[in-house]
Amino acid sequence: MAGGLGTRLSEETEVRPKPMVEIGGHPIIWHIMRHYIHHGFNEFVVALGYKGEEIKRYFLDYNRLRSSVTVDLATGQSSFHESAGDSWTVHLIDTGLKANTGARVKSLQPWLEGETFMLTYGDGVCDIDLKGLLGFHKNHGRLATVTAVRPPARFGGLIFDGDLVSDFTEKPQIGEGWINGGFMVFEPGMFEFLKGDDPSLEADALEHLASKRQLAAYKHDAFWQCMDTLRDVRLLESLWQSGNPPWKTWD
């Protein structure tokens with residue numbers, strides 16, 4: 001999912017789409033894809049919208065900008081001497097400038113129908129075991145599975161003993177409730193829940209799937225971080241620069 005406006009991150013998204021905001025010199029969509037590839041999934045269908053041409057340009061130039069090149073200035077011809085070595089297949093599909101999340105997924109139906117598929121948003125990283133998620137989904141036999149995560153708390157927590165503080169915890173992640181972490185698995189039957197011209201994936205599909213007991217939750221209590229604000233970008237960048245970012249599962 002790479003089509004939203006990213007209005008809460010306007011400092012970055014005025015000039016590029018949110019999935020192209022860089023962490024460690026690479027757009028966050030690259031980090032997400034590298035995680036999927038590490039777990040054996042290497043074909044992607046990207047739902048484009050706002051500034052989708054920037055994402056197209058990135059992947060069109062991906063190999064060329066990572067290869068040595070010889071340019072004949074007389075003829076304008078160029079030849080590339082090696083590839084980037086990444087065996088990915090990426091389908092870049094325009095799904096509308098202002099389409100809702102469900103409408104974007106519905107636009108991808110011709111590319112996804114007929115088999116189980118995985119879906120995630122283009123603005124969050126995680127160290128989830130994706131094969132474990134898929135196996136969980138298959139074992140439960142439901143139309144959909146979401147990954148339940150605990151969001152990092154923004155403030156420290158206090159535990160009281162009367163009027164005294166008995167314990168102080170600095171931004172405890174486990175103190176928060178469970179939310180949808182965005183790493184999902186669906187069966188083709190989910191498209192029946194995307195009705196109308198501009199459905200919402202969350203309100204129209206996931207809520208109705210839950211009411212029909214067709215939505216399972218895979219609990220992931222390790223690292224997860226979204227990128228909604230400039231503060232989140234700076235946090236992810238600092239983790240990357242530390243040399244051991246928790247979501248970097250690849251070599």
Side-chain angles (χ1 to χ4, degrees), residues 1-6 9-97 104 107-108 110-112 117-127 130-131 182-183 225-227 230 232-251:
M1 299 287 284
L5 296 175
L9 193 55
S10 59
E11 300 93 338
E12 293 276 359
T13 57
E14 283 188 2
V15 296
R16 53 186 164 181
K18 196 176 183 184
M20 291 301 295
V21 174
E22 292 188 354
I23 304 298
H26 299 281
I28 193 168
I29 192 173
W30 177 88
H31 292 264
I32 296 168
M33 288 180 165
R34 289 303 299 257
H35 183 60
Y36 273 93
I37 289 166
H38 173 75
H39 287 278
F41 306 101
N42 60 5
E43 184 173 5
F44 303 91
V45 184
V46 183
L48 302 178
Y50 174 70
K51 293 189 180 295
E53 67 278 3
E54 296 295 326
I55 300 176
K56 287 181 181 178
R57 188 175 296 114
Y58 173 77
F59 285 106
L60 285 170
D61 290 340
Y62 187 87
N63 236 11
R64 291 184 291 179
L65 296 180
R66 287 162 176 78
S67 303
S68 298
V69 59
T70 298
V71 181
D72 185 331
L73 296 182
T75 64
Q77 293 182 337
S78 57
S79 56
F80 298 88
H81 303 296
E82 70 274 336
S83 69
D86 294 318
S87 299
W88 314 3
T89 300
V90 184
H91 310 282
L92 302 163
I93 311 301
D94 291 307
T95 60
L97 180 61
R104 295 194 190 282
S107 294
L108 303 182
W111 299 85
L112 303 174
F117 64 93
M118 307 179 85
L119 177 73
T120 193
Y121 303 113
D123 62 355
V125 288
C126 186
D127 61 354
L130 291 169
K131 285 187 176 178
F183 290 83
Q225 178 64 53
C226 63
M227 190 187 67
L230 193 57
D232 296 331
V233 176
R234 290 168 177 163
L235 171 62
L236 290 170
E237 181 66 29
S238 68
L239 290 172
W240 183 266
Q241 295 301 333
S242 73
N244 189 30
W247 70 90
K248 186 178 182 294
T249 53
W250 60 92
D251 294 328

Check: F183 and M118 side chains under 4.5 Å, non-hydrogen atoms | no
Backbone of W250 reached by a side-chain donor or acceptor of R34 within 3.5 Å | no
Can you find a pair of side-chain heavy atoms, one from L92 and one from F59, that are under 4.5 Å apart?
-> yes
Considering only distance and modelled atom types, tabulate donor-acceptor pairs under 3.5 Å from the side chains of residues 238-246, sequence neighbours left out.
residue: S238; atom: OG; partner: R234; partner atom: O; Å: 3.4
residue: S238; atom: OG; partner: L235; partner atom: O; Å: 2.6
residue: Q241; atom: NE2; partner: E237; partner atom: OE2; Å: 2.6
residue: S242; atom: OG; partner: L239; partner atom: O; Å: 2.5
residue: S242; atom: OG; partner: N244; partner atom: N; Å: 3.4

Member of V233, V125, D232 meeting the side-chain contact (heavy atoms from CB on, under 4.5 Å) criterion with I23 | V233
Quickly, which of I93, I29, T95 forms a side-chain contact (heavy atoms from CB on, under 4.5 Å) with V46? Name it, please.
-> I29
Does the pair E53/K56 count as a salt bridge with the N-to-O cut at 4.0 Å?
-> no
Are any of the side-chain heavy atoms of I37 and F44 separated by less than 4.5 Å?
-> yes
Could you list all the side chain to side chain donor-acceptor pair (under 3.5 Å) pairs where at least one residue sits in residues 21-33, not counting sequence neighbours?
-> W30-Y62, H31-W247
Hey, are the side chains of I32 and H35 touching, using non-hydrogen atoms and a 4.5 Å cut-off?
-> no
Does any N or O in the side chain of K18 come within less than 3.5 Å of the main-chain N or O of M227, such that one atom is a donor and the other an acceptor?
-> yes
Sequence neighbours excluded, the answer for ring-ring contact (aromatic ring centres under 6.0 Å, His included) partners of Y36 is none
Applying ring-ring contact (aromatic ring centres under 6.0 Å, His included), name anything that partners H38, two or more places apart in sequence or on another chain.
-> none
Indicate the atoms forming the closest heavy-atom contact of E43 with H91, along with that distance.
-> OE2-NE2, 2.7 Å
Looking only at heavy atoms, which two atoms of N63 and S67 are closest? And how far apart?
-> O-OG, 2.7 Å
Check G3 against R104 and note the closest heavy-atom contact, atom names and distance.
-> O-NH2, 3.1 Å
Listed by chain and number, what are the side-chain hydrogen bond (donor to acceptor under 3.5 Å, both in side chains) partners of K131, not counting sequence neighbours?
-> none
Of all the heavy-atom pairs spanning D251 and K248, show the shortest one and how long it is.
-> C-NZ, 3.7 Å
Shortest non-hydrogen contact between I28 and G122, atoms and distance = CG2-O, 3.4 Å
Mind listing the side-chain donor-acceptor pairs of residues 70-79 below 3.5 Å, one per line with the distance, residues two or more places apart or on another chain?
residue: T70; atom: OG1; partner: H81; partner atom: NE2; Å: 2.5
residue: D72; atom: OD1; partner: A74; partner atom: N; Å: 2.9
residue: D72; atom: OD1; partner: T75; partner atom: N; Å: 3.4
residue: T75; atom: OG1; partner: Q77; partner atom: N; Å: 3.2

For P27 against P19, the heavy-atom pair lying closest together | CB-O, 3.4 Å
